[in-house]
Amino acid sequence: HGLDINDFAVFIARVNLLFTVFDLIAKTRTDVVFNVHEANSLMGPEEVEQFASAQDGGIAIPAITEGERVRLGRYDFVVGNPPYVRAERIPDQDRASIQRIYSRVAEHNVDLAGYFVYRSIQWLAEDGTFSMIVPRAITDAGFSAKLRVELAASDITVTELTPLDW
């Protein structure tokens, strides 16, 4: 399963997956469907409603999409490469909505990647494995202090941190 807010990124992910298993598909002559959908990973129907209400009088909320169904699941493995966007670069209305929805980890300048880490650990099934490429600041910056407290209070065990510096 996979999610991305950008429909072109979803298309590229499906193509990459197809290339990855092409030989297997050719040998078995079976159809394959990749559950990669366009959806906002940080906001589901309930959050979209809160977010929309902050925008020009709100919008109609459609029925739950397949992407939202994926978003509401629990998984044995969660991997990702979230956007690295500092809070001050997020539009004011979006930032206020995200900080309200994720108030447990919101700090003044928290990087958007921190919200993805917090959301991703909520997707983990019991004994699940999580791996994500994140900015180093997640480990030591003041804006990630609340996130580190939440991680420490969870059942998450950090087994490895690998710096990818120059």
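Worth saying up front: this structure is predicted, and the values here are computed from it rather than measured. Below, each value reflects all heavy atoms present in this structure, side chains not excepted, and no hydrogens, waters or symmetry copies.
- Taking both residues in full, the closest heavy atoms of Asp76 and Leu124 are given as O-CD2, 4.5 Å, listed atom of the first, atom of the second, then distance.
- For Asp127, the CG atom is loosely surrounded, since the number of other residues' heavy atoms within 6.0 Å does not exceed 12.
- A continuous path of ILVMFWY side-chain contacts below 4.5 Å connects Leu112 to Ile121, so both sit in one hydrophobic cluster.
- For Glu160, the side-chain hydrogen bond (donor to acceptor under 3.5 Å, both in side chains) partners are Thr162, not counting sequence neighbours.
- Closest heavy-atom contact between Asp111 and Pro83: OD1-O, 3.7 Å.
- Pairing each heavy atom of Phe116 with each of Ser41, the nearest pair is CE2-CB, 3.7 Å.
- Nearest heavy-atom pair, Ile133 versus Pro82, reported as atom, atom and distance to 0.1 Å: O-CD, 3.2 Å.
- Among residues at least two apart or in separate chains, side-chain hydrogen bond (donor to acceptor under 3.5 Å, both in side chains) pairs with a member in residues 141-152 are Arg104-Glu150.
- Counting non-hydrogen atoms of neighbouring residues, nucleotides and ligands closer than 6.0 angstrom, the CD atom of Gln122 exceeds 12 such neighbours.
- The main-chain N or O of Leu42 is never found under 3.5 Å from a side-chain atom of Arg119 such that the two would form a donor-acceptor pair.
- Clustering ILVMFWY residues whenever any of their side-chain heavy atoms sit less than 4.5 angstrom apart, transitively, puts Leu17 in a cluster other than the one holding Phe77.
- In this structure, Arg89 places its CZ atom where only 12 or fewer heavy-atom neighbours from other residues, nucleotides or ligands lie under 6.0 Å away.
- Grouping the Ile, Leu, Val, Met, Phe, Trp and Tyr side chains by contacts below 4.5 angstrom, directly or via other members, places Val149 apart from Val117.
- Evaluation of the side-chain contact (heavy atoms from CB on, under 4.5 Å) rule for Val21 yields Ile25, Phe34 as partners, not counting sequence neighbours.
- Nearest heavy atom pair, residue Leu151 against residue Ser154, reads O-OG, 2.7 Å.
- At a threshold of 4.5 Å between non-hydrogen side-chain atoms, the residues Val105 and Val110 do not count as touching.
- Applying the under-4.5 Å side-chain rule to Ile, Leu, Val, Met, Phe, Trp and Tyr, the cluster around Val15 extends to Phe8, Phe11, Ile12, Phe19.
- By the 4.5 Å heavy-atom criterion applied to side chains, His37 and Arg14 are counted as neighbours.
- Hydrophobic clustering places Trp123 together with Tyr115 (ILVMFWY residues linked when any side-chain heavy atoms are closer than 4.5 Å, directly or through intermediates).
- Ser131 pairs by the side-chain contact (heavy atoms from CB on, under 4.5 Å) definition with Val79, not counting sequence neighbours.
- Hydrophobic clustering (side-chain heavy atoms under 4.5 Å, transitive across Ile, Leu, Val, Met, Phe, Trp, Tyr) keeps Ile90 apart from Ile5.
- Asp7 and Glu38 get closest at one heavy-atom pair: CB-OE1, 3.2 Å.
- Tyr84 pairs by the ring pair (Phe, Tyr, Trp, His ring centres under 6.0 Å) definition with nothing, not counting sequence neighbours.
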Next on the checklist: Working note: Leu147 + Ile138, criterion side-chain contact (heavy atoms from CB on, under 4.5 Å); need CA distance, chi angles, decisive distance, verdict.
Outcome noted: CA-CA 8 Å; Leu147 174 63; Ile138 295 283; 3.9 Å; yes

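- By the 30° and 60° cut-offs, the orientation of the rings of Tyr118 relative to Tyr102 is perpendicular.
- Atom-to-atom distance recorded for Gln93:CD and Ile98:CD1 is 12.0 Å, nearest 0.5 angstrom.
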